[in-house]
Asker: 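This is the structure, below, for whatever I ask next.
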Amino acid sequence: MQEYTLRDGNKIPAIGLGTWKSAPGEVGQAVAWALESGYRHIDCAAIYQNEVEIGATFKKIVGKQISREEVWITSKLWNDSHAPEDVIPALKKTLFDLRLDHLDLYLIHWPVAFKKGVVFPSSAKDMISLSSIPVSETWEAMEEAAKAGLTRSVGVSNFSRKKLEDLLSKTSNPPVVNQVELHPYLAQKSLLTFCKEHQIHLTAYSPLGSSDRAREMKKAEEPSLLDNEVIAALAVKYNCTPAQVLISWHLHRGCSVIPKSTHQGRIQSNLQSADIHLNTEDLQRIESLDMHFRFVDGTFFELEGSDYRNIYDE
Ligand code: A2P
């Protein structure tokens, strides 16, 4: 499996299994299929509310059929635990649920803070301004977690270039990863260039368009990535699936990618995207699809009366 070496020297496998939206009763089996098929990177988060089931699979497989060192496991700090004193307890809860003694990567899930215990805010009263808990203070606690050996690497997710610049101005130890929505409709070239300059590796979420999102999270007319004509034509040309074209594109751009599936055949074939080599002209055809379209636009955090607006700073 292709890997990328992060600025801290750790190596992240290029393709991981996404577990956002993987249903209870399915996710444990999906992770088992993934590990058995050769995945060595599993992407988790406390807010996905499925870490206990994933932990049961890890207990059966990791450290037994596959050594712990071979598997890269990411999880994410939920928005209700940004207070510095809440970071290590939140990470320890995730470790307990996942049945691990350390993570490979822990990410600040969003540049958004909620009051402790809030899963999702129903009004601005549930939210906390980032002027009360600056991201830089949460970041210091993330660094402490790494120093304590609870995670090998630390990073962020859903951070714009502006938010990265703010954080970079306040720390001598910047995030090694920024996990963001990335796909041909949202190629984020300037963010990618900035991150490369600062040795911040990008991981792509929603690489297939996340069409299994809850209805409330969807817009009326969303473009389909998997049905796109250019992608379909390339799938024919390279004798592969549209999903494999979409996944392979990230590897050509130097990004890791975490397609989600709970179907064994798709889990297997998504991993085989690493064998597809798109030529320069076809990579350009894919780049030309960019329309800066977000499936996950973050407006669900823009509650009236809160100071969260335009969280991607664009
Ligand atoms: P399923 O889990 O039923 O396989 P994303 O990774 O962008 O969040 O997209 C996940 C969605 O894409 C899920 O609905 C998932 O369905 C579907 N999916 C995953 N792999 C494939 C594939 N190879 N072909 C078509 N759809 C796929």
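All ligand and atom numbering here is 1-based and tracks the order in the structure. Values below: every heavy atom of this structure, side chains too, minus hydrogens, waters and symmetry copies.
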Asker: So, S22 versus W20: side-chain donor-acceptor pair below 3.5 Å or not?
Answerer: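 The criterion, which ignores hydrogens and geometry beyond distance, is not satisfied for W20 and S22.
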
Asker: Tell me whether the rings of Y4 and H201 are parallel (<30°), tilted (30 to 60°) or perpendicular (>60°).
Answerer: tilted

Asker: So, T171 and N173: side-chain donor and acceptor under 3.5 Å apart, yes or no?
Answerer: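 Distance-only check fails for T171 and N173.
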
Asker: With salt bridge (Lys or Arg N to Asp or Glu O under 4.0 Å) as the rule and sequence neighbours excluded, what pairs involving residues 183-206 come up?
Answerer: K189-E287

Asker: Transitive ILVMFWY cluster of L186 at side-chain heavy atoms under 4.5 Å: who else is in it?
Answerer: none

Asker: Can you list, by chain and residue number, every protein residue with a non-hydrogen atom closer than 4.0 Å to ligand 1?
Answerer: K21, S206, P207, L208, G209, S210, S211, D212, L226, A243, P259, K260, S261, T262, H263, R266, N270

Asker: What pairs of donor and acceptor atoms, side-chain ones from residues 224-235 against any protein atom, are under 3.5 angstrom apart with sequence neighbours left out?
Answerer:
| unit_1 | atom_1 | unit_2 | atom_2 | d |
| --- | --- | --- | --- | --- |
| S224 | OG | L226 | N | 3.4 |
| S224 | OG | D227 | N | 3.0 |
| S224 | OG | D227 | OD2 | 3.3 |
| N228 | OD1 | V230 | N | 2.8 |
| N228 | OD1 | I231 | N | 3.1 |
| N228 | ND2 | Y185 | OH | 3.0 |

